[in-house]
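Worksheet: the structure to be examined is printed underneath.
FYI, side chains are in, hydrogens and waters are out, and symmetry mates aren't considered; it's all heavy atoms of this structure. Note that the coordinates shown come from a computational prediction; the quantities given were computed from them, not determined experimentally.
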Amino acid sequence: MRLHAILLAAIAASCSTNTDKSSATQEAQANGHEPIAIEAAWTDYFPGTVDFEITTPDATGAKIYKDIIPEPEKYISENARRVLQTLYFSPDDSIPQIDTIKYVVRDFDGISYKSGGGKKVRIDYSTQWIEKSFADNDTAKLDYETRGVIYHELTHAYQLEPKGCGHYDGKSPFWAFIEGTADAVRVACGCFEQDFASKDRPRGGNWMDGYRKTGYFLYWLQLNKDKDFIKKFNRTAIDVEPWSFDAAMKHILGDKEENSIENLWNEYQAAVGDLETASAN
């Protein structure tokens with residue numbers, strides 16, 4: 001069993017505890033955080049049966065979750081479709097078949113993680129994190145954070161896995177692919193700020209750093225190099241073996257020196273101002 005822990009920044013908040021679902025939606029729209037539309041090709045796609053459970057119902061975060069998300073099975077299924085349409089061109093693609101998504105809200109010290117594999121996956125979401133994210137009673141921002149968490153974890157359920165590039169060890173290309181893609185999907189779905197000047201985007205680093213550092217890079221490539229980059233990047237897990245970042249980039253963008261992973265990373269860093277900042281320091 002492999003646990004995919006996620007490192008997330010805390011989200012500040014500002015509304016009342018009894019804000020209803022419609023006003024939360026209005027606030028989300030006003031803040032630019034409305035969920036992305038589900039494309040027609042995916043509206044009837046079966047992402048797997050959602051087996052939802054709150055195992056610590058007396059926890060404050062559990063009560064908040066129940067108030068904010070009255071139909072968790074529908075909520076999880078709809079967000080699964082958003083993940084799938086970000087990772088794949090169509091339901092006919094080589095998508096891992098998930099029969100059951102066991103989704104557990106419970107009290108633990110952490111944020112969220114995905115476990116299991118094959119046709120049955122499990123996602124645990126912390127009531128402590130829910131409570132912290134709702135510290136200022138902002139319903140819309142809690143929904144924004146909860147969707148962001150689920151986008152990341154469901155990416156782990158549906159993404160392809162590259163071969164010949166290590167294991168999930170916190171440092172290999174395999175690990176960077178897995179965690180970088182998950183945060184790229186979260187950015188693309190609008191649950192990290194898409195402004196590269198935002199505090200959501202970590203500065204500097206390397207494409208091998210995973211999570212948001214890799215994720216924002218992949219999203220930048222989608223905006224600036226190929227509008228289907230994230231889908232094609234996910235697909236390289238099948239098409240490129242042994243897998244490497246350099247081979248994946250050249251497979252998608254063309255076998256030219258300008259498309260080497262190092263050149264693309266440097267171009268990205270310059271475009272978002274990180275190289276300029278580093279030289280100034």
Side-chain angles (χ1 to χ4, degrees), residues 1-6 42 45 47-48 80 83-99 113-121 151-189 205-268:
M1 179 180 293
R2 183 171 71 239
L3 303 183
H4 292 291
I6 59 174
W42 297 96
Y45 185 87
V83 167
L84 285 159
Q85 73 186 27
T86 307
L87 283 172
Y88 295 97
F89 285 97
S90 83
D92 296 325
D93 285 350
S94 301
I95 303 172
Q97 183 61 52
I98 304 298
D99 289 343
Y113 62 86
K114 174 257 180 188
S115 59
K119 294 188 175 184
K120 185 171 182 178
V121 298
Y151 291 148
H152 183 109
E153 300 301 349
L154 284 173
T155 298
H156 289 326
Y158 297 113
Q159 69 188 148
L160 300 172
E161 297 188 351
K163 300 177 180 64
C165 57
H167 306 283
Y168 190 82
D169 57 3
K171 60 183 180 181
S172 69
F174 179 93
W175 173 84
F177 175 101
I178 293 295
E179 295 299 349
T181 302
D183 271 358
V185 169
R186 179 169 177 171
V187 178
C189 288
N206 186 275
W207 63 87
M208 284 286 292
D209 288 340
Y211 292 102
R212 283 180 288 156
K213 286 188 179 179
T214 307
Y216 269 95
F217 173 49
L218 299 178
Y219 180 65
W220 181 87
L221 289 166
Q222 178 150 294
L223 292 182
N224 293 279
K225 299 295 182 179
D226 188 313
K227 66 181 179 60
D228 296 313
F229 188 87
I230 293 173
K231 295 181 179 72
K232 292 179 180 180
F233 184 76
N234 182 51
R235 174 75 193 187
T236 62
I238 292 176
D239 294 338
V240 177
E241 186 178 354
W243 192 91
S244 70
F245 274 95
D246 195 68
M249 297 298 153
K250 291 177 179 176
H251 181 79
I252 297 168
L253 300 173
D255 189 4
K256 301 177 182 179
E257 182 58 26
E258 67 196 57
N259 296 325
S260 70
I261 182 60
E262 185 171 357
N263 283 339
L264 288 169
W265 177 263
N266 288 338
E267 183 182 350
Y268 160 66

Give a yes or no on whether Glu262 atom CD has more than 12 heavy-atom contacts from other residues, nucleotides or ligands under 6.0 Å away.
no
Heavy-atom distance under 4.5 Å between the side chains of Glu161 and Ile178, does that happen here?
yes
According to the interplanar angle, ranging from 0 to 90°, do the rings of Phe217 and Trp220 count as parallel (below 30°), tilted (30 to 60°) or perpendicular (above 60°)?
parallel
Who pairs with Asp255 by side chain to side chain contact (heavy atoms under 4.5 Å, CB included), at least two apart in sequence or on another chain?
Lys250
Are the charged groups of Lys232 and Asp226 less than 4.0 angstrom apart, N to O?
yes
Determine whether Pro96 and Leu160 make a side-chain contact, defined as any pair of heavy atoms from C-beta on separated by less than 4.5 Å.
yes
Within-4.5 Å side-chain heavy-atom neighbours: Thr86 and Tyr151
no
When you compare the side chain of Ile98 with that of Pro47, does any pair of heavy atoms fall below 4.5 Å?
no
So, do Lys231 and Phe89 sit near enough that their side-chain heavy atoms are less than 4.5 Å apart?
yes
Report the distance from atom OH of Tyr268 to atom CG of Leu218, rounding to the nearest 0.5 Å.
9.0 Å
Residues Lys114, Val121; criterion side chain to side chain contact (heavy atoms under 4.5 Å, CB included); working and verdict:
CA-CA 7 Å; Lys114 174 257 180 188; Val121 298; 3.8 Å; yes
Measuring from Arg186:CZ to His152:NE2, what's the distance to the nearest 0.5 Å?
8.5 Å
Residues at least two apart in sequence or cross-chain that pass side-chain hydrogen bond (donor to acceptor under 3.5 Å, both in side chains) with Trp207, listed by chain then number, are none
Of all the heavy-atom pairs spanning Gly164 and Pro242, show the shortest one and how long it is.
O-CB, 3.7 Å
Who are the side-chain hydrogen bond (donor to acceptor under 3.5 Å, both in side chains) partners of Glu267, not counting sequence neighbours?
Lys225
Which pair of heavy atoms, one from Pro162 and one from Phe174, lies closest together, and at what distance?
O-CD1, 3.4 Å
Among Arg212, His156, Lys213, which residue meets the side-chain contact (heavy atoms from CB on, under 4.5 Å) test with Glu179?
His156
Indicate the atoms forming the closest heavy-atom contact of Ala188 with Ile230, along with that distance.
CB-CD1, 3.9 Å
Just how far is it from atom CG of Leu87 to atom CZ of Arg235, taken to the nearest 0.5 Å?
13.0 Å
Can you tell if the side chain of Asn234 reaches within under 4.5 Å of the side chain of Phe177, non-hydrogen atoms only?
yes
Could you tell me the separation between the OH atom of Tyr211 and the OH atom of Tyr216, rounded to the nearest 0.5 Å?
16.0 Å
Closest approach of Asp169 and Ser172, non-hydrogen atoms and distance?
OD1-N, 2.8 Å
Any Ser94 side-chain heavy atom under 4.5 Å of Ile238 side chain
yes
Can you label the angle between the Phe233 ring and the Phe229 ring as parallel, tilted or perpendicular, going by 30° and 60°?
parallel
Applying side-chain contact (heavy atoms from CB on, under 4.5 Å) between Asn259 and each of Ile252, Leu264, Asp246, report the one that passes.
Leu264
Would you name the heavy atoms of Val240 and Ala247 that are closest together and state the gap between them?
CG1-CB, 3.7 Å
Can a donor-acceptor pair be found between the side chains of Thr236 and Asp239 at a distance below 3.5 Å?
no
Scanning both residues in full, the closest heavy-atom pair of Gln222 with Asp228 reads OE1-C, 3.8 Å
Hey, mind stepping through Leu221 and Met249 against side chain to side chain contact (heavy atoms under 4.5 Å, CB included) and telling me if it holds?
CA-CA 10 Å; Leu221 289 166; Met249 297 298 153; 3.8 Å; yes
Below 4.5 Å, heavy atoms only, C-beta onward: do Pro173 and Trp243 meet side chain to side chain?
yes
In Å and rounded to the nearest 0.5 Å, what is the CZ to SG distance from Phe245 to Cys165?
8.5 Å
Spacing of Tyr219 atom OH and Cys189 atom SG [to the nearest 0.5 Å]:
10.0 Å
